[in-house]
Amino acid sequence: MSYLQIRNVWKTYGDNVVLEKINLTIAQGEFCTLIGPSGCGKSTFLRMLMGQDTPSKGSILLDGKPISNEPDSDRGVVFQKYALFPHLKALENVMLGLEMEKSPLLGKVFGATRRKMKAEAMEMLESVGLAHSADKYPSELSGGMQQRLSIAQALVKKPKILLLDEPFGALDPGSKADMHVLVQGLWKKYGLTIFMVTHDVKEAFELGTRLLVFDKVRNDPHSPNAFGAIIVNDIKLDKNKQKNMGEDHVGINETISE
Amino acid sequence: MRLINLDAGRFSPLLKILPFVILGLIYWIAADARHAANPDDKLLPTFEVIADAVVMMTTEVDELTEEPILFTDTVASLKRIGEGLGISVIIGLFFGIIQGTLPIVRSLLSPFSAAISLIPPIAILPILLIIFGLEEPAKVALIVIGVTPFLIRDTQQRALEIPEELLIKVQTLGASTWQIILRVVLPHVLPRLLDALRLSLGAAWLFLITAEAIASSEGLGYRIFLMRRYMEMDVIFPYVIWITFLAYMMDLMLAILIRKAFPWYRKEK
Ligand SMILES: Nc1ncnc2c1ncn2[C@@H]1O[C@H](COP(=O)(O)OP(=O)(O)OP(=O)(O)O)[C@@H](O)[C@H]1O
Ligand SMILES: [Mg+2]
């Protein structure tokens, strides 16, 4: 059950204590949504899960082993922006991860291997509804399309954990709703373990199976950086959501009000 | 209507050639005036004299090389500048990328290449002449020394400006350092390097002409400085225009290359 273990993790930047004694045990397939005031360390937390940053104290274990301290393909990521390679068309953006696995020397494959890979990437593009835009450059896509492409790009590597940092923050309500359906579907289909930071409380409740609320509880007015944020609330949203979601007769709202 | 919202419309092509026409006219009037005062004036040769000189330099075979001098000079100069810029691009790309991508190499080489780039290349010319004599490498080397430090520094900067998110992302896709350089850094840096190369063309021609003026027996710069001794303005003027034209064409070709080879580059912004 304890797929990801976060043991007494602290993060400080100089004198600035950002996070304090974070302890968490996350099961495989959990969809954690993270909320909290701006600057409280949510992105910092994700960066540590990703290996982009290391805890100042404490440890993070994945499957019982300490996680690697640089980003790797165990952990996929989707940022709010800047997540796509501008020189590659949509399909090539998705293929990139596959190509680099197959071809250590050139990072590019040719011939039959390429055709097979293209088919696989195309399937991924289809599942995020971008098949018709396969030949477009990222700059030619709308914000929502770019974000869907970014998700496809991360998922094609079949990561154990998917980290999303305000992925839909810049989207209009319509595309946001589409993205919710998409992410829910992919989460179930691939059995992903997801961490998603959001400022949208409704989104956090609707999507997650577990809601983590970050905030500072102690505050010293004379040195505002002396205390860090902790997880003030750890809410199990609905154990059955994974099973219920997407089935026609059970709507999202019903599930939550149970 | 505000001036900032007013464009030339269909008069645009006309406006573009206007300054050239005016310059030609001024020259024509000035040359005419000087010849009225002194028919043997050499400072501002008339268009007829210049035309004669152009015919001479493009058709009359030089006894030494058995080619017209403009042809010999152009081939010699283009070869030098081509080699010089080619070598500069390769060195600039290599060091720019490793300095921009690998923090260890950056610590090692970045201050060094910044210092090197402050050496005035012309001050090195005597050293080059001592080492290479009047042979070709001296001229090519001056261009390389003059242009490469800028290309290295610019390329390093371009590599450093790749958004961190992209570098994180590609690592989560499982890329090694080598693959990151090949698939992310190189494509990002290449069109920008060619842009930097366009900006370097002026400097490259400057160094080429300097080197040719001092140590050469053919080449566009050599010819201009040779003709100076005899005050042969009728040769110097067309040569200067020809050099300008060549530089312009190189710039234009690079611009077209960037557009054709990197279609995503201009869209990105
Ligand atoms: N590299 C760094 N060096 C120093 N301080 C940092 C660094 N990264 C983050 N911080 C500090 O850590 C704190 C938390 O930042 P973080 O980006 O994690 O907040 P956040 O919860 O994601 O906020 P937001 O909701 O606005 O995105 C901030 O006070 C920030 O100044
Ligand atoms: Mg953040």
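Residue numbers start from 1 in every chain, and the chains themselves are labelled A, B, ... in the order their sequence lines are given, proteins ahead of strands. FYI, side chains are in, hydrogens and waters are out, and symmetry mates aren't considered; it's all heavy atoms of this structure.
For chain B, the option among G97(A), P159(A), A154(A) with the highest count of heavy-atom pairs below 4.5 Å is G97(A). Of the listed residues E70(A), E101(A), R75(A), the one with more heavy-atom pairs under 4.5 angstrom with chain B than any other is R75(A).
Contact annotation for L88(A): only side-chain heavy atoms (C-beta onward) come within less than 4.5 Å of a heavy atom of chain B. For K108(A), the parts lying under 4.5 angstrom from a heavy atom of chain B are both the backbone and the side chain. The contact between E140(A) and chain B is made entirely by side chain atoms (from C-beta outward), counting heavy-atom distances below 4.5 Å. Contact of Y137(A) with chain B is made through the side chain alone, with heavy-atom distances under 4.5 Å. For S103(A), the part lying near chain B is the backbone, with the side chain staying farther off; criterion is any non-hydrogen pair under 4.5 Å.
K158(A) and S73(A) are not linked by any side-chain donor-acceptor pair at a separation below 3.5 angstrom, with hydrogens and angles left out of the test. In the model, E203(A) has no side-chain atom that pairs as donor or acceptor with a side-chain atom of T33(A) under 3.5 Å.
Taking the charged nitrogens against the carboxylate oxygens, R80(B) and E212(B) do have a contact shorter than 4.0 Å, which makes a salt bridge.
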Sequence neighbours excluded and cut-off under 3.5 Å, please list the side-chain donor-acceptor pairs for residues 118-132 of chain A, or say none.
from    : atom 1 : to      : atom 2 : distance (Å)
S127(A) : OG     : M124(A) : O      : 2.8

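When the heavy atoms of residues 170-182 of chain B are compared with those of chain A, the residues falling under 4.5 Å are V170(B), Q171(B), T172(B), L173(B), G174(B), A175(B), W178(B), Q179(B), L182(B), listed by number. For a heavy-atom cut-off of 4.5 Å, chain B lies close to M50(A), Q52(A) in residues 44-62 of chain A.
Nearest heavy atoms, M250(B) versus I81(B): CE-CG2, 4.0 Å. For L142(B) against A211(B), the heavy-atom pair with the smallest separation is CD2-CB, 3.8 Å. Contact between Q156(B) and S110(B) at its shortest, heavy atoms only, is NE2-OG, 3.1 Å. Annotation for P138(A) and N93(A): closest pair CG-ND2, 3.6 Å, computed over non-hydrogen atoms.
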Task: salt bridge (charged side-chain N to carboxylate O under 4.0 Å, His left out) between D178(A) and R148(A), worked out - done: CA-CA 10 Å; D178(A) 290 347; R148(A) 275 184 277 164; 5.9 Å; no

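Put simply, the side chain of L162(A) does not reach to within 4.5 Å of the side chain of M196(A), judged on heavy atoms.
W242(B) pairs by the ring-ring contact (aromatic ring centres under 6.0 Å, His included) definition with F245(B), not counting sequence neighbours.
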